[in-house]
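Working notes, structure below.
Per chain, numbering begins at 1; letters A, B, ... match sequence-line order.
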There are 2 protein chains.
Amino acid sequence: MNQGFGQFCPIALASEVLTQRWMLLIVHQLLDGSSRFNDIRRGVPKISATLLKQRLETLEYAEIIEKRASGNSGVYEYFLTPAGTELESIIKGIGSWGQRWARDIQEEDLDPGWLVWSMRNRLNVEEMPKGRTIIQFEFTDAKPKERYFWLLVNEKKVDVCVKYPGNSPDIKVTSPVIVMAEVWRGIRPIRKAIADGAIQLEGKPSVCRAFPNWLLLSQLADIKRMR
Amino acid sequence: MNQGFGQFCPIALASEVLTQRWMLLIVHQLLDGSSRFNDIRRGVPKISATLLKQRLETLEYAEIIEKRASGNSGVYEYFLTPAGTELESIIKGIGSWGQRWARDIQEEDLDPGWLVWSMRNRLNVEEMPKGRTIIQFEFTDAKPKERYFWLLVNEKKVDVCVKYPGNSPDIKVTSPVIVMAEVWRGIRPIRKAIADGAIQLEGKPSVCRAFPNWLLLSQLADIKRMR
DNA sequence: CGGTATCCCCCGCGATACTG
DNA sequence: CAGTATCGCGGGGGATACCG
């Protein structure tokens with residue numbers, strides 16, 4: 001059932017693969033630089049491992065990605081083929097369209113883990129202090145297990161922690177998820193949210209002043225929302 | 001289940017609507033100028049009426065299309081909103097990608113009715129004789145009910161007939177479906193197919209000579225296939 | 001022409017547990 | 001880390017018949 005639209009229109013043939021559930025999000029992760037199974041998964045946290053594997057196989061069969069052994073320890077990586085790379089403009093187009101016209105964010109979309117993982121790739125490490133910096137996020141309205149996250153920046157490399165990393169943060173950022181989500185999407189200016197008290201910062205004044213410059217926000221944040 | 005990917009990434013939000021089964025094909029028909037229910041359906045023949053109505057409602061709710069009464073006799077038309085119009089570049093992109101990289105055509109994709117309906121919109125009426133012209137297609141390997149089609153061109157307007165229109169055709173075009181499909185997609189040059197005998201023409205020599213210029217082929221026919 | 005109304009099957013997908 | 005294995009359900013959607 002899922003396969004085939006009974007016509008040979010190129011849009012239909014492409015849709016067979018591309019419009020399968022989760023497919024665009026997976027390709028997006030690959031375009032964004034993820035290549036390992038669990039990295040892809042962290043960018044698409046609500047997919048099950050089983051289904052992700054299935055989708056990757058479908059993409060491989062469609063020659064959109066290639067699986068390669070990385071080292072010899074059973075570690076694999078997935079890379080886009082030329083056909084896959086050519087999906088970039090389409091995915092970007094859909095992202096832009098979504099930013100402009102898609103429905104508003106609802107409660108059930110607010111996954112704080114995904115938010116923090118997205119920030120990981122868009123941290124302005126050049127502007128950050130040399131040596132190690134720890135940013136703590138506290139989402140006041142999240143479930144206990146999704147309440148705290150830490151971004152560890154070290155030598156321009158960024159890691160996400162879901163457990164207290166053992167060293168006290170340089171800055172603590174506290175807000176409801178929706179506020180950081182809207183900031184991330186470019187709908188809400190971060191400095192205003194801080195001034196409002198919607199986002200609370202705790203740390204050395206110099207660090208708190210610098211913090212808004214550390215977040216580069218979503219790549220789509222500059223695109224004007226139309227609805 | 002079908003709704004929601006549990007994240008507020010604009011790609012995910014857009015996907016909720018756009019990657020539903022049939023959705024891109026429906027929007028494509030609207031972009032192509034269809035506005036009435038049964039016209040859309042002829043461009044997406046394998047969808048059921050029930051499902052098409054559901055999809056149109058979803059598109060309306062997402063503010064991608066608008067339904068308007070046409071006249072007052074229970075005739076309705078569907079039009080793209082600005083949000084819908086902005087999908088054009090995405091759909092075109094997917095079409096181009098499909099032409100370049102999607103899988104090859106299989107038996108089950110070969111719907112002759114869809115092929116003829118597609119030709120209707122891409123007939124070079126400027127190059128055709130004044131007055132009425134009737135083109136008959138015979139697909140030698142099609143089921144009895146899908147064996148014959150006629151394109152009636154009159155004063156630069158084109159109609160599709162599935163029954164003998166009562167007047168003898170100016171030209172009869174006979175071939176297997178796959179041959180016309182490949183010609184339509186730009187994979188196979190029409191003049192070569194005629195010279196080979198894969199397509200057989202019957203009619204006045206002057207009409208047979210002119211015929212290859214009448215078909216404009218798919219809009220994507222010029223895009224180079226890569227696999 | 002432009003839909004409704006049902007009926008029902010099947011399989012996509014989520015959930016959970018387990019493994020080399 | 002990168003998957004497998006299994007199970008069960010929900011509902012998407014195909015088929016068919018009917019309607020104003």
Side-chain angles (χ1 to χ4, degrees), chain A residues 1-7 12 15-26 29-30 34-60 65-79 108 111 117 159-160 162, chain B residues 1-7 12 15-26 29-30 34-60 65-79 108 111 117 159-160 162:
Chain A
M1 172 276 293
N2 189 24
Q3 313 256 62
F5 293 91
Q7 56 185 69
S15 293
E16 275 176 33
V17 176
L18 300 179
T19 70
Q20 284 180 34
R21 187 162 163 76
W22 302 108
M23 212 51 119
L24 294 182
L25 301 179
I26 294 167
Q29 291 306 307
L30 290 159
S34 294
S35 61
R36 305 219 353 218
F37 189 87
N38 280 338
D39 283 352
I40 298 168
R41 220 183 149 186
R42 245 165 301 196
V44 193
K46 295 291 199 298
I47 196 176
S48 72
T50 314
L51 198 49
L52 176 54
K53 187 70 212 328
Q54 257 175 242
R55 289 295 188 263
L56 289 171
E57 276 168 2
T58 302
L59 287 171
E60 219 185 327
I65 65 172
E66 256 178 36
K67 181 181 182 178
R68 295 190 214 133
S70 158
N72 42 13
S73 49
V75 173
Y76 293 98
E77 291 188 273
Y78 298 90
F79 295 99
E108 59 268 26
D111 181 333
W117 179 253
D159 282 312
V160 174
V162 294
Chain B
M1 173 277 293
N2 189 25
Q3 312 257 59
F5 293 91
Q7 56 185 70
S15 293
E16 275 175 33
V17 176
L18 300 180
T19 70
Q20 284 179 34
R21 187 162 164 76
W22 303 107
M23 211 51 120
L24 294 182
L25 302 179
I26 294 167
Q29 291 306 308
L30 291 159
S34 293
S35 61
R36 304 218 355 218
F37 189 87
N38 280 338
D39 283 351
I40 298 169
R41 222 185 148 184
R42 245 166 300 194
V44 193
K46 294 290 199 295
I47 197 175
S48 72
T50 314
L51 198 49
L52 176 54
K53 187 73 213 321
Q54 256 174 243
R55 289 295 188 261
L56 290 170
E57 276 168 3
T58 303
L59 287 171
E60 217 183 331
I65 64 172
E66 257 178 35
K67 181 181 182 178
R68 295 190 216 135
S70 161
N72 42 13
S73 50
V75 172
Y76 293 99
E77 292 189 271
Y78 298 90
F79 295 99
E108 60 267 28
D111 181 333
W117 180 253
D159 282 312
V160 175
V162 294

Just jot down the side chain to side chain donor-acceptor pair (under 3.5 Å) partners of A/Arg41, sequence neighbours excluded, or say none.
none

By salt bridge (Lys or Arg N to Asp or Glu O under 4.0 Å), B/Glu77 pairs with (sequence neighbours left out) none

B/Thr19 OG1 to A/Leu25 CG distance, which is reported to the nearest 0.5 Å:
8.5 Å

Send over the distance from A/Gln20 CD to D/dG13 P, rounded to a whole Å.
13 Å

Output for pair (A/Gln29 CD, A/Tyr78 OH), nearest 0.5 Å, gives 14.5 Å

Ignoring hydrogens and angles, write down the donor-acceptor pairs under 3.5 Å from the side chains of residues 43-51 of chain A, residues two or more places apart or on other chains.
{"from": "A/Lys46", "atom 1": "NZ", "to": "A/Asp111", "atom 2": "OD2", "distance (Å)": "2.8"}
{"from": "A/Ser48", "atom 1": "OG", "to": "A/Leu51", "atom 2": "N", "distance (Å)": "3.2"}

Please state how far atom OH in A/Tyr78 lies from atom P in D/dA2, giving the value in whole angstrom units.
8 Å

Using five base pairs at each end to define the local axes, how bent is the helix from C/dC1-D/dG20 to C/dG20-D/dC1, to the nearest 10°?
60°

Nearest 0.5 Å, what's the CZ-CD1 distance between A/Arg55 and A/Ile65?
12.0 Å

Can you name the atoms? Protein N/O to nucleotides 4-9 of chain C N/O, anything below 3.5 Å, with the distance.
{"from": "C/dA5", "atom 1": "N6", "to": "B/Thr50", "atom 2": "OG1", "distance (Å)": "2.9"}

Answer with base, sugar-phosphate or nothing: what part of the nucleic acid does A/Lys67 contact at a heavy-atom distance below 4.0 Å?
sugar-phosphate

Are A/Arg55 and C/dC13 close enough that a side-chain N or O sits under 4.0 Å from OP1 or OP2?
yes

Any side-chain heavy-atom pair of A/Trp22 and B/Phe5 under 4.5 Å
yes

Would you classify A/Arg36 as touching base, sugar-phosphate or nothing, given that sugar-phosphate means primed atoms plus P, OP1 and OP2, and contacts are heavy atoms under 4.0 Å?
sugar-phosphate

Across all chains, not counting sequence neighbours, the side chain to side chain donor-acceptor pair (under 3.5 Å) partners of A/Lys53 are A/Glu57

